[in-house]
Amino acid sequence: MRYTQYFLPTLKETPADAEVVSHQLMARAGMIRKVAAGIYDYLPLGLRVIRKVENIVRQEMDRAGAIEILMPAVCPADLWEQSGRWQQYGKELLRLKDRKDTEFCVGPTHEEVVTEIVRGTVNSYRQLPLNMYQIQTKFRDEMRPRFGLMRGREFIMKDAYSFDIDDASADISYEKMYQAYRRIFKRCGLKFRAVEADSGAIGGSFSHEFMVLAETGEDAIVSCDSCEYAANVEKAELRAASGEAPVPTLPLERVKTPNLRSIEDVAAFLKETPAKMIKTLVLQNENEEVFAVLMRGDHTLNEIKLCNYLGCNHVQLADEEIIKKLTGAPRGFTGPIGLACRVLADQAVAVMSDFGLGANEADYHLTGANYGRDFEVEAFVDLRQAGAGDSCPRCEGKLEAWRGIEVGHVFKLGTKYSDAMNATVLDDEGKDRTLIMGCYGIGIGRTAAASIEQNHDDNGIVWPMPLAPFQVIVTMLNPGDEAVFAAGEKLYLDLLAEGIEVLLDDRDERPGSKFKDADLLGIPLRVNVGARGLKEHSFELQDRRGGERVMLPIEGAAATIVEQVRTALAAG
RNA sequence: CGGGGAGUGGCGCAGCCUGGUAGCGCGCCAGUUUUGGGAACUGGAUGUCGCAGGUUCGAAUCCUGUCUCCCCGACCA
């Protein structure tokens, strides 16, 4: 591609609305442009990267035996009513009506549509297993789109759906996708972790998220420093502390703690550590049922674990009014003694003794409190959020904490959709069997953005070879010089003939501008063609990542460059 | 959805309080000189000041409404 004939609007300045580096650089490098909140144009350079990711995904899906299809973006409400999701899915589902007032939605995911395909055409176990995927533009009307392609409303996603006759077969389908995903993200040159994820309201199934490690990630994950265990903190289990609670040694005492509401303040006042305190959280679920949860003072509640235990969808901290009504005291002085509601405790509380807690009375706390002697709880449960330094639940190792960008999710669905939509096949005994399903998503644009989060420096993007929009940029330092122009042109054509993706910077610009643009675009290899080098019958080859420059004799230069591109691709 | 902020040329912003010919930097066009890390000079083009009402002799500026965008939070198979 010749720069002068291309459409590549780079920006010197960072657009004001871009917060994270991937969004800033994508905008500056002329890859994307915002059209509305969470909705973007993919300009030529951006589209090339998107296609690179798509092609890697497509190759690995095909290799894993999945079959590509394309389903409609606009889906009839009727199908969604069959699965029950027309009611369940909230405002995130973009709904619309056609001229006849028939209701539709713009698909955020396609379980219903794909299940309908299979239901109508697959009748026998002999036709299974089956895995179909598509790469398609999806729409989710996010409350708060942000971070460019990382969390858009319209986005490109690969979604695959597997259908199996039984659990054992479905587990094999799942494992194939899991391995395909590992290959995909490895080939994209990303540092990632596959982590166990919460399976949400569906229950009884399992799920892994593929997380690209990045400071700006929206998810917190933990991984073991000595075994393979890794999980989203939403999911990460914690082992119960071993041992018995020490015998109480102190009497229960009432202590005046004027206006001290936080655990830190009270602990400091009592000359204790927060770990010797218990905090009592009052929470409310979606049915307005009120619960109290006891946590060790320095621990954090994991609301998802609580929801899973309670069998509800959502909990939130109760407001001041509810707390007052329940405890008779303002927020900050709540304790479990005498509380008229269900009281749960994290398992860590079971091995504590002689601790401090709220007195359910304004400006008072209690010290020397002990479970069993002073109060009871309904159950001890694992309710705590895991973090760095916690013990691995699977081995003797310690957990490390990371931030991650969720680029892929594999999910064993079970029969949620096949049941609701009556998708069955006949087994080898001629009996109806409900299909076991799995679904597997990859955010294509998000993967490209995540790659930039991991691969950039102060000057711009540093693409790994497999995702680079062009593999080589040939920069003619002075295209007005006939010798330079001819040499650059020849190198460009030679590289093209070898199948290399090359951008020829033939613009009549000053060298400095061209260098800055080349760095911004992040093309892995740059060849500087200038009068100075030509005097020595050489080009200058510069590596974007390391910045090293070497002189390349013109004779054989193309072959050397081709070799480097191929090596870099093979390494991915 | 709650809280906060912003809409002025392609991009980044000033002007608004205290109403009176719409400005700056970058970019863009033409020319001259330049040419190995975002050149200099000269000349030039580009705005219904988000939209709709209102107040006023006069509104980017004041008032009302509305839309959009951004940030924090909540939400997220």
Does the ring center of A:F210 lie less than 6.0 Å from the ring center of A:Y178?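 They qualify: ring centres under 6.0 Å apart.
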
So does [Y] get a backbone contact from the side chain of [X], meaning a donor-acceptor N/O pair under 3.5 Å?
X      : Y      : result
A:K158 : A:I444 : no
A:Q136 : A:M71  : yes
A:N308 : A:G311 : no

Could you give the distance separating [M] and [N] at their [atom1] atoms, to the nearest angstrom?
N     : M     : atom1 : result
B:A45 : B:G50 : C1'   : 24 Å
B:G9  : B:A14 : C1'   : 14 Å
B:U66 : B:G25 : C1'   : 33 Å
B:G38 : B:C76 : C1'   : 42 Å
B:G43 : B:C24 : P     : 13 Å
B:C70 : B:C16 : P     : 27 Å
B:U61 : B:G20 : C1'   : 11 Å
B:C63 : B:G47 : P     : 28 Å

Going by atom type alone, with no hydrogens or angles, which donor-acceptor pairs under 3.5 Å involve a side-chain atom of residues 517-528 of chain A and a protein atom two or more places apart or on another chain?
unit_1, atom_1, unit_2, atom_2, d
A:D517, OD1, A:T10, OG1, 3.0
A:D517, OD2, A:R507, NH1, 3.1
A:D517, OD2, A:R507, NH2, 3.2
A:D519, OD1, A:R526, NH1, 3.3
A:R526, NE, A:N528, OD1, 2.9
A:R526, NH2, A:Q542, OE1, 2.8
A:N528, ND2, A:E540, OE1, 2.8

Rounded to whole angstroms, how far apart are [atom1] on [X] and [atom2] on [N]?
X      : N     : atom1 : atom2 : value
A:K12  : B:G37 : NZ    : C1'   : 12 Å
A:I473 : B:G37 : CD1   : P     : 16 Å
A:M157 : B:A77 : CE    : C1'   : 9 Å
A:I442 : B:A77 : CD1   : P     : 19 Å
A:E142 : B:C76 : CD    : P     : 11 Å
A:E209 : B:A77 : CD    : P     : 11 Å
A:N308 : B:A77 : CG    : P     : 12 Å
A:N232 : B:C76 : CG    : P     : 14 Å

Short N-O contact, A:K416 and A:E111, less than 4.0 angstrom: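 Answer for the salt bridge query: no.
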
Just the table, please: protein N/O against nucleotides 4-8 of chain B N/O, every pair under 3.5 Å.
none

Watson-Crick or G-U wobble partner for [N], using a 3.5 Å limit on both distances?
N     : result
B:C28 : B:G44
B:A6  : B:U68
B:C17 : none
B:C49 : none
B:A22 : none
B:G73 : B:C1

Quick one: label [X] by what it contacts on the DNA or RNA (base, sugar-phosphate, nothing), any heavy atom closer than 4.0 Å.
X      : answer
A:Q316 : nothing
A:Q542 : base
A:G533 : base

Got a donor-acceptor pair under 3.5 Å from the side chain of A:R144 to the base of B:G2? no

Looking only at N and O atoms, is any donor in the side chain of A:D519 or the base of B:G37 less than 3.5 Å from an acceptor on the other one?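 Indeed there is one.
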
Using a distance-only test with no angle check, is there a side-chain donor-acceptor pair under 3.5 angstrom linking [X] and [Y]?
X      : Y      : result
A:D159 : A:Q134 : yes
A:R119 : A:Y417 : no
A:R544 : A:N459 : no

The side chain to side chain contact (heavy atoms under 4.5 Å, CB included) partners of A:L93 (sequence neighbours excluded) come to A:W80, A:W86, A:Y89, A:R95, A:C105, A:P108

Taking side chain to side chain contact (heavy atoms under 4.5 Å, CB included) as the definition, give me every residue that meets it alongside A:A483, ordered by chain and number, with sequence neighbours left out.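 With neighbours one apart ignored, the set is A:D481, A:L534.
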
Comparing nearest nucleotides in RNA chain B, the 5'-proximal residue of the pair A:T10, A:T109 is A:T10

5'-most contact on RNA chain B: A:K34 or A:E92, nearest heavy atom basis?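 Its nearest nucleotide being more 5', the pick is A:K34.
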
OP1 or OP2 of B:C72 less than 4.0 angstrom from a side-chain nitrogen or oxygen of A:R146, does that happen here? yes

State which of B:C69, B:G38, B:G37 makes the closest approach to the side chain of A:R526. B:G37

Can you list, in residue-number order, the parts of residues 504-517 of chain A that come under 4.0 Å of RNA chain B, counting heavy atoms only?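 Those residues whose heavy atoms fall under 4.0 Å from RNA chain B, taken from residues 504-517 of chain A in numerical order, are A:R510, A:P511, A:G512, A:S513, A:F515, A:K516, A:D517.
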
side-chain contact (heavy atoms from CB on, under 4.5 Å) between A:H208 and A:E196, worked out: CA-CA 5 Å; A:H208 286 87; A:E196 292 182 13; 3.9 Å; yes

List every contact pair, protein side and nucleotides 10-13 of chain B side both N or O, where the distance is under 3.5 Å.
unit_1, atom_1, unit_2, atom_2, d
B:C11, O2, A:E13, OE1, 3.4
B:G12, OP1, A:A16, N, 3.2

Within 45° of the ring axis of A:Y492 and under 6.0 Å from its six-membered ring centre, is that where the NZ or CZ of A:R2 lies?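 So A:R2 doesn't make the cation-pi contact.
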
Can A:E218 and A:R151 be said to form a salt bridge (charged side-chain N to carboxylate O under 4.0 Å, His left out), step by step? CA-CA 10 Å; A:E218 293 188 86; A:R151 196 174 185 73; 3.6 Å; yes

